[in-house]
Amino acid sequence: MGRRLPRSFFRRSSLLVAPALLGTDVVRVLPDGTPLRARIVETEAYEPDDPASHAFRGPTARNTVMFGPPGHLYVYLAYGVHHCMNIVCGTEGVASAVLLRAAEPLEGLEAMQRRRGAVPPRDLCRGPGRWTQAFAVDRALDGTDVAGGQDLWLERAVAVSPQRIVAGPRIGITSAADRPWRFCVAESRFLSRPEGALSRPRSSAASRPSR
DNA sequence: TCCCCGATTAACT
DNA sequence: GTTAATCGGGGAG
C-alpha cells in the first residue's frame with residue numbers, strides 16, 4: 001500500500017510533524033490480533049529548548065526514548081493515573097516529540113469499549129489518557145518502533161488543508177504557555193477540548209473578578 | 001530519603 | 001465549572 005509513514009517522516013522538527021499528523025490514522029494491533037484504527041484530530045509539539053518538555057533538563061530513565069532515533073513511541077504516566085503517548089521526532093540525540101491528544105475512532109470500536117466501558121464512540125479517544133486506554137498503550141510500549149514494528153504504526157489517510165488547521169496554546173502547560181504548539185482539525189467533534197478554549201489559569205490575581 | 005507536582009480524567013455541584 | 005483522586009519522577013536536602 002505504501003501508506004505507512006516511514007521513519008523519514010518523523011526525522012524533522014516536531015513543529016512540522018505535529019500538524020502534518022492531522023488526518024493520518026494510528027493503527028494498533030492488540031496482542032490478540034485485533035486491529036484498531038483512529039484518525040488523528042489533535043496533536044501537540046514539544047521541542048528541545050522547551051521548558052514544558054519532559055526532556056528539557058536532559059536525559060533521565062523515564063525520557064530516554066525521546067533522545068533516541070525518530071519514529072519511536074514515548075509513553076509516560078501522567079498524574080499517576082493516565083498514560084500519554086508521543087512520537088519521537090527530529091534526529092537522534094535531540095529530544096523532540098509529538099503528543100497524540102485526540103482522534104476519531106474508525107475501527108475496532110467494540111474492542112475499545114471493552115477497555116473503556118460503554119461510552120459514546122465520540123469519547124473513546126477524546127483526550128490523551130482516554131486514547132491510550134482505548135488502544136491498550138502503556139509504559140510497556142515505551143520505545144516501540146512505529147516506523148518498522150507490528151504493534152502500532154501510522155498511515156496516511158486524508159489530507160487536511162492548512163485552512164482547516166488551527167493552532168493554540170498547549171493544554172495543561174504552565175511554562176512556555178505562550179507557544180501555540182497545539183494543532184487541531186478546526187471543525188472536528190473529536191477534540192479533547194473545544195478549539196480556542198484556554199486552559200484554566202492556576203489561581204492568579206488575573207483570574208479573580210475585581211469587584 | 002523525602003516531598004512536591006504534573007503534557008489528566010471523571011465525578012461532582 | 002470545580003475538584004478529588006493518584007503515583008512516579010526528579011530535584012532538594
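Residue numbers start from 1 in every chain, and the chains themselves are labelled A, B, ... in the order their sequence lines are given, proteins ahead of strands.
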Cation over ring, A/R179 on A/Y46, under 6.0 Å and within 45°?
-> no
Spacing of A/R122 atom CZ relative to B/dA10 atom P, expressed in whole Å = 14 Å
Counting just side-chain N and O atoms, does A/R116 come under 4.0 Å of either OP1 or OP2 of B/dT9?
-> no
Just compare B/dA10, B/dA7, B/dT8 and give me whichever is closest to any side-chain atom of A/I171.
-> B/dT8
Toward the 5' end of DNA chain C, by each residue's nearest nucleotide, A/V81 or A/R139 | A/V81
Base-pairing assignment for B/dT9 (Watson-Crick or G-U wobble, both under 3.5 Å) | C/dA4
Do you see a donor-acceptor pair shorter than 3.5 Å between the side chains of A/T24 and A/R156?
-> no
Whole-Å distance, A/L77 CG to B/dC5 C1', equals 13 Å
Find out whether the Lys NZ or Arg CZ of A/R12 is both under 6.0 angstrom from the six-membered ring centre of A/F9 and within 45° of the ring's axis.
-> yes
How close or far is atom C1' of C/dC7 from atom NE2 of A/H83, stated in whole angstroms?
-> 11 Å
Rounded interatomic separation in angstrom, taking CZ from A/R115 and C1' from B/dT9 | 16 Å
Mark yes or no for a side-chain to base donor-acceptor pair under 3.5 Å between A/Y79 and C/dA5, with no hydrogen or angle criteria applied.
-> no
Lys/Arg N to Asp/Glu carboxylate O, A/D50 vs A/R170, below 4.0 Å | yes
Can A/Y46 be said to stack with the base of B/dA7, given centres closer than 5.5 angstrom and planes under 30 degrees apart?
-> yes
Compare side-chain N and O positions of A/R193 against OP1 and OP2 of B/dT8 and report whether any pair is under 4.0 Å apart.
-> no
For residues A/E155 and A/W153, is any side-chain donor paired with an opposing acceptor at under 3.5 Å?
-> yes
Under 4.0 Å between a side-chain N or O of A/H82 and OP1 or OP2 of B/dT9?
-> no
A/D142 CG to C/dG9 P: how many Å, rounded?
-> 11 Å
Where the side chain of A/P128 is concerned, which of B/dT9, B/dA7, C/dG10 is the nearest nucleotide?
-> B/dT9
OP1, OP2 of C/dG9 versus side-chain N and O of A/T60: anything below 4.0 Å?
-> no
In whole angstrom, what separates A/N63's CG from C/dG11's C1'?
-> 14 Å
Mind calculating the distance between CZ (A/R101) and P (B/dT9) to the nearest angstrom?
-> 6 Å
Report yes if a side-chain nitrogen or oxygen of A/R62 is closer than 4.0 Å to either non-bridging phosphate oxygen (OP1 or OP2) of C/dG8; otherwise report no.
-> no
Does the side chain of A/R57 get closer than 4.0 angstrom to OP1 or OP2 of C/dG9 through an N or O atom?
-> no
Can you tell me how far P of B/dA7 sits from CE of A/M66, to the nearest Å?
-> 11 Å
